[in-house]
Amino acid sequence: MAKLKTVAFVLALVSWIASPVRAGQVELVSRVAPDQVSDTANGEADSRSPIQLSADGRYVVFESFGNNLVAGQQGRQGVFLRDRVAGTTVLVSRSMSSPSIAVGGGDAVMSDDGRYVAWTSNATDVVPGQSDGGGIPPGNVFLFDRSAGTNRLVGPGNHPEAFSQDGRFLFFVKDLTPFLYDVVSRVSTQILSSEPSYFDVRPGSLSADGRYVTFSSTVSGLIHVLVFDRLSRTLEDLGAGFGSVLSADGRFVAFLSDATNRVPGQVDGNRGIDAFLYDRTARTAVLVSRSRISPSRAGDHHLPVQTLALSSDGRYVAFVSRSTDVVPSQADTNENVFLFDRTTKAVKLVAPTSAFSATGESVTNSAAFSRDGRSLVFVSSALHLVPGQVSLGYRNVFLYDVSSGATRLLSASSAGSPVEGNGHSYNAAISADGRVVAFLSSSTDLLAELKDYNEAEDLFTCSVPTGALEAVTVRADPSATPARGSAVKAISADGRWITYESDASHLVSGQVDHQTRILDSRSDVFLYDGVTRTSVLVSRINGTTATAGDDSSWSPVTTPDGRYVAFTSRADNLTADPPGGGFVFFDRVTGAQTIVTRSAAGSGSANGPSIPYGWSADDRYLAFTSTATNLVPGQVTPASGPSTNVYLYDRVADTITLVSHAASSPRQTSGSDLRPYLSADGRYLLFYSFGTDLVPGETGPSGNLFLWDRVTGATSLVTHARGSATAGGGGSVVSFSLSADGRYVAFASTQPDLTADPGGDLGNLYLYDRTTGTNTLLVPFYAPSTISEAVLSADGRTVAFASNGGNLVPGQSGPPGAQQVFLYDLASRTITLASRDGDSTTTGRAGRSWSTLRSGQERESVAPAGRP
């Protein structure tokens with residue numbers, strides 16, 4: 001059965017919001033510390049999309065998920081235009097109602113003068129008169145005019161490709177069909193009919209005057225390079241190939257092909273892709289990625305699929321290859337950048353032969369020429385491209401001077417070249433005049449004065465003459481919202497202390513957060529003080545206040561007074577003793593961390609992971625689960641092997657008790673045991689288990705609820721079959737909870753015959769009374785109605801449950817099949833609709849509603865009988 005997540009803290013949260021101090025207010029809990037406000041915008045630049053520079057490098061077009069790049073911005077994802085001279089950013093993909101409302105969009109291309117930006121989106125509120133047609137909105141190409149500050153609709157399309165040099169013609173694609181749009185006349189011309197079907201029309205390229213367009217299409221089952229002449233309306237087939245790019249005059253076409261007969265006498269043993277250059281005037285092709293042995297012999301390694309770089313005059317072609325026989329004395333098998341000269345027919349290695357990469361992937365496919373062909377920008381993780389290069393193993397942006405053969409490191413740290421930045425730099429672009437290079441980087445040390453706390457890629461530009469770097473993706477407004485997500489886990493009884501998890505690394509003043517083991521899922525635990533409105537770093541190294549552990553911490557549970565926080569951690573430096581995958585508790589008063597899950601032998605850590613679930617009201621007892629086999633003296637593991645077990649930790653006595661033990665021995669673990677639920681006084685502990693030997697004489701199927709008494713040590717079977725206290729009822733227990741005094745258990749189960757009253761076929765709401773040892777069927781559910789949660793109030797009087805049942809209260813109405821929250825009053829035996837629409841007592845709200853837990857513990861459904 002699919003797991004159903006529930007909010008774990010709502011009742012306490014309601015009391016916190018409704019308190020006199022904060023009545024009617026919403027407060028940001030996971031807020032950035034005042035001295036940690038980032039200069040860079042919240043959200044990352046889109047690393048999947050190319051960067052566009054105007055010819056003079058003044059304007060930069062980019063895509064970003066940032067939410068504060070422009071003043072008053074609403075929405076996160078969009079296309080942006082940065083004016084480097086004015087230092088301003090405008091939102092291109094905007095709603096017609098406001099220049100600060102982002103509507104998404106991407107695939108942006110810009111005209112040479114920076115006036116026009118073409119982009120695509122399925123948004124329906126960009127220009128007046130748009131409609132979604134009653135279904136999924138179609139993709140459209142829009143044209144943003146920087147001078148007018150407005151968008152116009154070009155027409156249906158998926159991919160804007162390129163502008164002509166004068167900005168008059170735009171090449172774009174719609175559903176694999178190429179079009180040419182005249183910006184002046186506002187007329188789109190379909191270049192080819194819909195037959196034959198076209199394939200791989202990206203990338204595309206235009207000549208400088210917009211007369212010639214090159215792209216690829218499927219012809220007779222093979223992908224061919226095609227060139228369209230706008231004036232003669234004719235189509236030229238250059239043969240098998242793809243990834244084509246035109247010279248400025250349209251004469252030369254560079255392309256990739258896996259054909260073995262593109263040039264006379266071609267010898268091709270690499271069984272893959274090679275680079276070619278075609279002269280449309282002479283109608284001849286030359287092999288670019290050639291071996292030094294012969295101009296018709298391909299290199300000994302095929303090329304990666306990428307876009308070739310062609311100089312504007314068609315003289316130089318840059319390509320990436322692993323071939324080792326292109327230049328003399330070459331032995332490097334990493335990817336390298338090579339430069340083919342059409343005039344001399346020579347090929348040379350851009351990177352020196354001594355360059356190498358620790359990763360074996362030294363170059364990406366973002367090589368690009370300036371318009372005069374003098375400068376080539378490329379990306380590499382090679383270690384020795386510039387003299388004295390100080391490498392940290394990241395990709396970097398380099399600039400190669402074609403005339404002199406000199407190479408410069410552009411993505412240098414603020415310490416200066418040849419010291420690399422402390423993160424990857426890539427997706428490089430160069431302006432037509434060669435004076436500006438733009439690139440993305442995850443480095444945080446490229447600019448000494450820049451506060452880069454957004455924990456994401458940012459866009460930078462480099463002035464080639466001076467080497468000066470400038471951040472492009474900078475915030476318009478300061479933001480107290482962290483760059484990464486947070487999740488509230490628990491709230492203290494008085495609502496003052498809120499425990500939450502966060503991946504953000506700038507929530508407390510001076511926070512040092514360099515987790516390295518799990519880069520993509522790092523998290524820390526924090527405690528927010530609603531009075532001082534500041535956060536405390538909980539998962540910190542003992543003796544510090546702002547230095548996080550070296551790995552992730554999660555699953556915090558907090559005592560009702562907010563003093564103690566127990567959490568799981570992989571960090572091995574929080575205390576002098578490593579937790580070994582166990583859990584730690586933090587004392588807010590003393591600021592100390594204490595390892596809970598220690599070996600019963602007196603030294604060492606638990607030999608398995610542990611997860612805390614809930615504290616008693618007096619801060620003394622803590623329920624947790626663990627797969628460790630060494631937590632209690634003499635612990636015995638079944639022959640079937642280690643499993644998850646339920647334990648109780650006594651903070652005062654500093655002892656651990658095995659709760660889910662076999663009836664025959666307090667040290668014998670049973671089957672897999674899950675999700676403990678502790679009573680307020682810490683005496684009773686409710687849990688789910690697949691064990692079949694927890695109570696004396698137990699019979700029946702596995703997968704049942706059990707209630708353990710700390711005082712007597714006795715375990716009772718809750719989900720027992722009718723007429724027997726030791727025969728398990730089995731079935732799937734969807735949800736369960738315990739009253740504060742441990743007397744009542746509310747649970748939802750698919751088992752229909754736990755009581756004399758017949759249950760439903762899709763789930764039932766039951767109440768167990770510890771004093772009588774009996775179950776009562778409260779509500780049966782029949783198809784198509786289901787129950788997904790059951791939550792009991794602390795006093796044991798009310799059960800909140802979630803269901804899509806449409807006839808649970810008289811006169812009930814609302815969206816058919818929508819899940820609603822209901823309250824069952826055990827005293828009056830009546831049901832009321834909680835998730836009501838407005839003032840109505842019988843109309844359910846649209847959308848999906850859930851019931852809530854009062855203890856600060858998240859609950860999930862339990863799988864049917866058998867191991868999870």
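The structure displayed is predicted, hence computed values, not measured ones. The chain is numbered in sequence order, starting from 1.
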Practice item. Show your working on side-chain hydrogen bond (donor to acceptor under 3.5 Å, both in side chains) between Tyr500 and Ser535 and close with a plain yes or no. Key: CA-CA 10 Å; Tyr500 65 97; Ser535 288; 2.6 Å; yes
Review point. Can you check whether Leu574 reaches Arg540 side chain to side chain, under 4.5 Å on heavy atoms?
Key: no
Practice item. State whether Arg651 and Asp619 are salt-bridged, where the test is any N-O pair (Lys NZ or Arg NE/NH1/NH2 against Asp/Glu carboxylate O) under 4.0 Å. Key: no
Exercise for review: Report the relative orientation of the aromatic rings in Phe80 and Phe62; use parallel for angles under 30°, tilted for 30 to 60°, perpendicular for over 60°.
Suggested key: parallel
Point to revise | Under 3.5 Å: donor-acceptor pair, side chain of Ser95, backbone of Ile101 | key: no
Exercise for review: State, yes or no, whether a side-chain contact exists between Ile787 and Gln819 at a heavy-atom distance under 4.5 Å.
Suggested key: no
Practice item. Would you confirm whether Trp708, through its side chain, and Ser660, through its main-chain N or O, come within 3.5 Å as a donor-acceptor pair? Key: no
Exercise for review: State, with a plain yes or no, whether a side-chain heavy atom of Ser785 is found less than 4.5 Å away from one of Asn804.
Suggested key: yes
Revision key, fill the gap. Test ring-ring contact (aromatic ring centres under 6.0 Å, His included), reference Phe747, set Tyr768, Tyr766, Phe736, output is Tyr766
Check your understanding: Under the criterion side chain to side chain contact (heavy atoms under 4.5 Å, CB included), which of Ser553, Ser30, Ser552, Pro556 is the partner of Glu501?
Key -> Pro556
Exercise for review: Could you verify whether a donor N or O on one side chain and an acceptor N or O on the other, from Arg710 and Tyr621, lie under 3.5 Å apart?
Suggested key: yes
Check your understanding: Under 3.5 Å, is there a donor-acceptor pair between the Ser835 and Gln820 side chains?
Key -> yes
Point to revise | Sequence-distant partners of Asp39, salt bridge (Lys or Arg N to Asp or Glu O under 4.0 Å), two or more places apart | key: Arg475
Check your understanding: Mind checking whether Phe567 and Ser539 have side chains closer than 4.5 Å, heavy atoms only?
Key -> yes
Practice item. Check Thr444, Asn68, Asp452 against Thr40 for a side-chain hydrogen bond (donor to acceptor under 3.5 Å, both in side chains) and give me the one that passes. Key: Asp452
Point to revise | Passing candidate, ring-ring contact (aromatic ring centres under 6.0 Å, His included) with Phe624, options Tyr613, Tyr649, Phe583 | key: Phe583
Practice item. Check whether any side-chain heavy atom of Asp458 sits under 4.5 Å from a side-chain heavy atom of Leu440, and report yes or no. Key: no
Check your understanding: If you measure only the distance, is there a donor-acceptor pair under 3.5 Å linking the side chains of Ser610 and Ser626?
Key -> yes
Review point. Among Thr558, Thr568, Val538, which residue meets the side chain to side chain contact (heavy atoms under 4.5 Å, CB included) test with Val525?
Key: Val538
**Study point:** Heavy-atom check, side chain of Leu792 versus side chain of Thr798, under 4.5 Å
**Key:** no
Point to revise | Phe822 and Phe801 aromatic ring geometry - parallel, tilted or perpendicular at 30°/60° bounds | key: parallel
Check your understanding: Do you see a donor-acceptor pair shorter than 3.5 Å between the side chains of Ser509 and Asp35?
Key -> yes
Practice item. Give a yes-or-no answer on whether the side chains of Asn607 and Thr629 include a donor-acceptor pair shorter than 3.5 Å. Key: yes
Check your understanding: Considering only heavy atoms from C-beta outward, does the side chain of Val799 approach that of Leu765 to under 4.5 Å?
Key -> yes
Practice item. Could you check if a side-chain atom of Val565 sits within less than 4.5 angstrom of a side-chain atom of Arg588, using non-hydrogen atoms only? Key: no
